[in-house]
Amino acid sequence: MAHWLLKSEPSSWSWRQQVEAGAKGTSWNGVRNHAAKRNLQAMQVGDQAFFYHSGEGKEIVGIVTIAKPYYPDPTDKTGVFGMVDVRAEKPLKTPVTLAAIKAEPRLKNMALVKYSRLSVQPVSEAEWKLVGKMGGV
DNA sequence: GCCAACGTTGGC
DNA sequence: GCCAACGTTGGC
């Protein structure tokens, strides 16, 4: 099972809204970047992803599960981009901040640090475990 | 096909 | 509010 990281500005879509969406989940739409698209396409149902708040917070706040694999994004008129469905799994007991990630040498290769603008990122098994531990999961 | 200009993202 | 990174656009 692969792991991922999804970024969102809380002002447009927050962890709280994701939780309130409940078990049915919601579509992760609006991705308009080809590298991010490739990651979305690689996702499988049951994969888990960190939910990261950019801008306000700058921290990983929760874990979501992929509920539906890649399908066309109706908000994209060009038809080039797609999306997946995700549902909130659980919050981190302690949010893991970007500062904490940057301060941890074993996380220096995380995409979040190296490719900060990429909105859908892969997370390695080692990174997933360590960040989970830091977050009290 | 190159590259300058421009827009967007997101950390600081 | 600034600016670096980076993707996209458009002139040549």
Side-chain angles (χ1 to χ4, degrees):
Chain A
M1 187 172 73
H3 291 107
W4 311 95
L5 183 145
L6 296 169
K7 285 198 304 192
S8 183
E9 288 269 358
S11 57
S12 57
W13 183 252
S14 69
W15 171 249
R16 166 177 285 275
Q17 287 173 293
Q18 188 68 57
V19 170
E20 286 170 355
K24 187 161 164 286
T26 51
S27 63
W28 196 269
N29 61 22
V31 169
R32 296 294 183 269
N33 171 284
H34 291 285
K37 173 190 168 180
R38 280 194 296 277
N39 290 327
L40 288 177
Q41 287 176 310
M43 290 178 177
Q44 298 187 324
V45 171
D47 281 358
Q48 294 193 319
F50 288 129
F51 192 114
Y52 175 79
H53 275 168
S54 62
E56 187 78 20
K58 294 190 285 284
E59 58 192 9
I60 295 170
V61 290
I63 292 172
V64 294
T65 300
I66 309 306
K68 183 176 176 180
Y70 189 83
Y71 62 105
D73 180 348
T75 69
D76 172 31
K77 287 178 280 295
T78 68
V80 172
F81 295 101
M83 59 194 189
V84 298
D85 284 3
V86 301
R87 64 180 143 77
E89 192 66 34
K90 58 188 168 186
L92 299 198
K93 286 199 187 74
T94 312
V96 176
T97 64
L98 180 63
I101 288 167
K102 287 188 166 175
E104 170 51 69
R106 286 172 289 173
L107 295 176
K108 70 175 190 300
N109 289 322
M110 264 191 90
L112 191 62
V113 177
K114 294 183 82 173
Y115 311 102
S116 63
R117 290 189 51 206
L118 185 59
S119 61
V120 183
Q121 312 177 348
V123 175
S124 76
E125 291 310 301
E127 291 161 355
W128 180 267
K129 283 181 187 153
L130 183 52
V131 172
K133 184 181 284 186
M134 291 163 73
V137 176

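Below, chain A is the first sequence line, B the second, and so on; all start at residue 1. All of these numbers come straight from a predicted model, not from anything done at the bench.
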| request: Begin with the C-alpha distance, continue with both residues' side-chain angles, and end with the deciding distance and a verdict on side chain to side chain donor-acceptor pair (under 3.5 Å) for A:R32 and A:T75. | output: CA-CA 10 Å; A:R32 296 294 183 269; A:T75 69; 2.9 Å; yes

| task | Ignoring backbone atoms, test whether A:Y52 places a side-chain nitrogen or oxygen under 4.0 Å from the OP1 or OP2 oxygen of B:dT9. | result | no

| task | Fit a plane to each ring of A:F51 and A:W28, take the angle between them on a 0 to 90° scale, and name the class: parallel (under 30°), tilted (30 to 60°) or perpendicular (over 60°). | result | perpendicular

| message | Nearest whole Å is fine: how far is C:dT8 C1' from A:H34 NE2? | response | 9 Å

| CZ of A:R32 versus C1' of B:dT8: gap in Å, rounded? | 14 Å

| task | Quickly work out the A:K7 NZ to B:dG11 P distance and round it to whole Å. | result | 6 Å

| query | Between A:L6 and A:M43, does a side chain to side chain contact (heavy atoms under 4.5 Å, CB included) hold up when you go through it step by step? | reply | CA-CA 12 Å; A:L6 296 169; A:M43 290 178 177; 4.0 Å; yes

| task | Quickly work out the A:Q121 CD to C:dA5 C1' distance and round it to whole Å. | result | 14 Å

| task | Can you tell me the distance, in whole Å, between the CG atom of A:L98 and the P atom of B:dT9? | result | 18 Å

| Rounded to the nearest Å, what distance is computed from the CG atom of residue A:L112 to the C1' atom of nucleotide C:dA5? | 15 Å

| note | To the nearest angstrom, the CZ-P distance between A:R117 and C:dC6 comes to 8 Å

| field | Rounded interatomic separation in angstrom, taking CG from A:L118 and C1' from C:dA5 | value | 12 Å

| query | With distance as the sole test, does A:K102 use its side chain to make a donor-acceptor pair with the main-chain N or O of A:V113 at under 3.5 Å? | reply | no

